[in-house]
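The chain is numbered in sequence order, starting from 1. Every value quoted in this text rests on a predicted model; they were computed, and no experiment measured them.
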Amino acid sequence: MEDREVIWDSQHGFTKGKPCLPSLQAFCDGVTPLVDKGRAADIKCTLIKFAGDTRPNAEADIPERQDANQKHLYKLKKWAHGNVMRINKAKFKTFCHYCTDFIWGLAGYQCEVCNFMSHEKCLKNVKIPCSCIAPSLVRVPVAHCFGPPGLYKKKFCAVCRKSLESPAFRCEVCELHVHTDCILFACSDCRQCHQDGHLDHDTYHHHWREGNLSSSARCEFCKKTCGSSEVLSGMRCEWCGILAHAACCVIVPPECTFGRLRNMILPPSCVQLFSRNFSKLHCFRISENLQTESDEDDDVDGSTQGSTKDIQISTDSSKQTLKIFDGNDAVKRNQFRLISVPRIAKNEEVVEAALRAYYINDDQQEYELQTFTQQVLLSDDVINRNDAAEDSNLGSVFRESVPEAWIIRAKPKDEEVIRIYPAWLKVGMAYVSLRVNKDSTVQSVIKEVLPLLGRQTECLQNFRLVEVLMGSKQVQRMVLDNQEPILNRLKDIRKTSIRQMNQTRFYIVENSKSIVQVNLFVGGLPPQLSPEEYTNILKEELAIKTNVVSVSHVYQAQGAVVLQISCFSEAERIYMLVKDTVVNDKPLNAVVIPAVMASKIPQNCCPLLVFVNPKSGGLKGRDLLYSFRKLLNPHQVFELTNGGPLPGFHTFSKVPSFRVLVCGGDGTVGWVLGALEEIRHKLVCSEPSVAILPLGTGNDLGRVLRWGAGYSGEDPYSILVSVDEADDVLMDRWTILLDAEEPAEGAENGIAEPEPPKIVQMNNYCGLGIDAELSLDFHHAREEEPGKFNSRFHNKGVYVKVGLQKISHTRNLHKDIKLQVDQHEVELPSIEGLIFINIPSWGSGADLWGSESDNRFEKPRIDDGLLEVVGVTGVVHMGQVQGGFRSGIRIAQGSYFRVTLLKPIPVQVDGEPWIQAPGQIIISAAGPKVHMLKKSKQKQKKTGSLKEMKVDSTSVSEGGRKGETCVHACGRYHPGPGKPSADKS
């Protein structure tokens, strides 16, 4: 509009020094009557906020606490056209992204770049940044850890703010959700969970993540609802879990104390991991078998499959759809964005639409469109592609027909302003703006920057300029040559991708001798070998270079070593080669493990080491892995199918005090306790307490310790709180020696030799006869069709089925075995099953011993150093015990047992069955008692109480930033922050 009644001489009503929002309101008030008269069909309002360059001194200015120190640009589109508004109103509901209320009538605004919507009344309070400037607000660039694409109901994309109706990506660490074609535009603002030698610091700020909260979520400060299932709204700190509105979170003290779980979280400043060549999946030990085609190549991201999400090919004859590439890299990968423009459109309009598609807020005058043959637009208009020949007087913009695909290029510049970030700055996000020209080199930039940073007396040779590409999947760093012209470097980046230019920073870094140390855990080796023998095997199989690789720890009993590698490329080569290496018909496995600096752990901190078996009953372990990685530091969460429990215990070997949470069935608990017993002498905390989250079928130990009959979807946060409040109790563990006297068949030269003795550990119970026979039949059924055994209900149904098949079975077990208790012979009654129980729960919660008092025996306890011996007469008797109608036949109670088998008999220990050959079975106490955590009886606090997450460091200042006015794109701060089979009952 160029009508003088509407546009004033003083910057369209926005004068210097005058608040822009009141001017916008006055501008719109003046335009509205003209719209009603039909004098204008559309209104485009552009708000631009300028700020001076930051000039940090030695103490460093902090722009993230000053809105005036950032340049933000966003575009708001007033809903003024009557017909368009009616269409929107009829087709979909619109909610405000600030207050989450429904938007009525014409009083709404929408960002043309990121689709942010707001009431007119809410606009003055909006503090959410637009996606186009979000990369400039990242405090410490940290790449995300994306899992496989999946369907996430009622979740919203953090880039385009639209609902995730198609398969999308989710960060396994920080709750970021993005569409497949938006992943390239997500900024690298994941949680900083460890120190890697870049931008390390000991003080951690709140790490805010917007949206995807429950509709019942309430702000910690104003107590009003801040979550929504309709739009992306509300903020949550990924460390302490505090919830707040976007306008309320800016008054929170910046330092995060990790909230209610502070004593259980492994502080990121205590973890060190050098991981330049490893993906985030490798760093956090996330199984690669979760990955699908999306992990093969980055081409999936932003490819043509998902690029039509925002712009469908228009059927309107007045519109045309164009493919837009942002550089040579996009052309090579065939990654384009689709835009829809009128068939008769100005060049500036097409360029502007292309920039919006790539979330770039630069001036469109600085860009141009080119064809693949570098044919530049020749005039101001993009003419339609009608079949009729065009009148030469109208002037075609192309010498040839308009192509379907274009490349958007940045026009060359003789000089421009770049930002230089000081890498040694521990707090804030300050930078220095510097004007460079064709004569500027990297060395001259360093020379000009140092005086502005108060370090003019230091030698130039002590510094270097590092280019950092803040990609969503990987943060790449490259040291620039001192003689390289800086403008040429900028030109090369823009030629490759203008999107990458928007995600690129330059850091000035002090030269220091960096020490590279990658710790690689290698398992699956032959047990009981010397360090020299393990080194020779690795040399032969992996061709390791001894000048950069050394064996730092050896676990002979488990057949595992820890390699200390001082070269990134060698570490990556060994890691990839181990996956395809087999030694003695057994595949090797490798796990990247961090180094925990125990001296930095606070005295009152007792980190929680979490083990999860994703294959346990119901396959709910996958969701728990994600939840615990989100609530804790991912470096303290270990997946048992990826190397077993040993890598976790090694990582925590220097931690002075820690607890353990085992998520799995009774078999998984026994596996972890067995590994703990073997490695106990190498731990500084030799007796950590162990809690249980029951995921198996029986879960008898979990029942005894009050953790429940099985996990049924409880809030993981409340589970961690319960672990923190649990009571420490002792529990006996028992060693079972299996000494078969029957010779093994098929020996060489026809000479038969007896099987060597075997030792197993027992925590719950050991069964002989009918009990073990049912477990063995269940085990065989699961091996035949493992895919069907994915629910606790189905597993118990199979137990019932195999039990009914044995109901008429008769076995005179008392004639096939002999029992000796504490050196005394015990006469057995007529039974079909003999069971040794250590806990008062058997077969999914049944009380086999019974509650009746008996003067012959002591009252059973899990820490009394005694085992109870019980007999059952058959399947019917077992069913009656399960139903609570009867108890077992009490036979004996003691601390040392010898069982003589006269014939092969089924045996099971904690749900693991097999056929035992004739011989001796000796059961005795297994050394020191193990420390377990028993869930406290006290009433638990309400799940996820916000008061528990409240920051307790300092009270919220009433002055703060509560009265400040900010618009969209200025207000979001980014602070750094031998395994058993599946379990059975």
Asker: Sort and list the pairs that fulfil salt bridge (Lys or Arg N to Asp or Glu O under 4.0 Å) and have at least one residue in residues 493-503, not counting sequence neighbours.
Answerer: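 Only Glu416-Arg494 qualify under salt bridge (Lys or Arg N to Asp or Glu O under 4.0 Å).
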Asker: Between Arg505 and Tyr507, does any side-chain donor sit less than 3.5 Å from a side-chain acceptor?
Answerer: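 Short answer, yes.
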Asker: Residues in side-chain contact (heavy atoms from CB on, under 4.5 Å) with Asn462, at least two apart?
Answerer: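 Residues passing side-chain contact (heavy atoms from CB on, under 4.5 Å) with Asn462: Cys459.
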Asker: For Asp481, check side chain to side chain donor-acceptor pair (under 3.5 Å) against everything at least two apart and list the hits.
Answerer: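 Partners of Asp481 by the side chain to side chain donor-acceptor pair (under 3.5 Å) criterion come out as none, since no residue qualifies.
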Asker: Under the rule for salt bridge (charged side-chain N to carboxylate O under 4.0 Å, His left out), what residues qualify as partners of Glu458, not counting sequence neighbours?
Answerer: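 Glu458: salt bridge (charged side-chain N to carboxylate O under 4.0 Å, His left out) contacts with Arg455.
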Asker: Please list, chain by chain and in numerical order, all residues satisfying ring pair (Phe, Tyr, Trp, His ring centres under 6.0 Å) with His635, sequence neighbours excluded.
Answerer: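 His635 satisfies ring pair (Phe, Tyr, Trp, His ring centres under 6.0 Å) with His194, Phe284 only.
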Asker: Using the test ring pair (Phe, Tyr, Trp, His ring centres under 6.0 Å), find all partners of Tyr358 that sit at least two apart in sequence or belong to another chain.
Answerer: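 For Tyr358 the ring pair (Phe, Tyr, Trp, His ring centres under 6.0 Å) partners, ignoring immediate neighbours, are Phe185.
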Asker: Check side chain to side chain donor-acceptor pair (under 3.5 Å) between Glu238 and all other residues, then give those that pass, not counting sequence neighbours.
Answerer: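 Once residues adjacent in sequence are excluded, Glu238 has no partner under the side chain to side chain donor-acceptor pair (under 3.5 Å) criterion.
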Asker: Could Lys473 and Phe169 be counted as a cation-pi pair, given that NZ or CZ must be under 6.0 Å from the ring centre and within 45° of the axis?
Answerer: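 Yes, Lys473 and Phe169 form such a contact.
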Asker: I'd like to check the salt bridge (charged side-chain N to carboxylate O under 4.0 Å, His left out) partners of Glu572; sequence neighbours left out, ordered by chain and number.
Answerer: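 By the salt bridge (charged side-chain N to carboxylate O under 4.0 Å, His left out) rule, Glu572 matches no residue at all.
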Asker: Apply side-chain contact (heavy atoms from CB on, under 4.5 Å) to Gln564 and list each qualifying residue two or more places apart in sequence or on a separate chain.
Answerer: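 Scan of Gln564 (side-chain contact (heavy atoms from CB on, under 4.5 Å), adjacent residues dropped) gives Gln517, Asn519, Ser550, Ser552.
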Asker: Only counting residues at least two apart or in another chain, list the ones meeting side-chain contact (heavy atoms from CB on, under 4.5 Å) with Pro135.
Answerer: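 Per chain and number, Pro135 pairs via side-chain contact (heavy atoms from CB on, under 4.5 Å) with Cys187, Met470, Asn502.
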Asker: Checking Gln365 now: which residues fulfil side chain to side chain donor-acceptor pair (under 3.5 Å) with it, not counting sequence neighbours?
Answerer: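 Partners of Gln365 by the side chain to side chain donor-acceptor pair (under 3.5 Å) criterion come out as none, since no residue qualifies.
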Asker: Once side-chain contact (heavy atoms from CB on, under 4.5 Å) is applied, do any residues pair with Val479, and if so which ones, sequence neighbours excluded?
Answerer: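 For Val479 the side-chain contact (heavy atoms from CB on, under 4.5 Å) partners, ignoring immediate neighbours, are Arg464, Val466.
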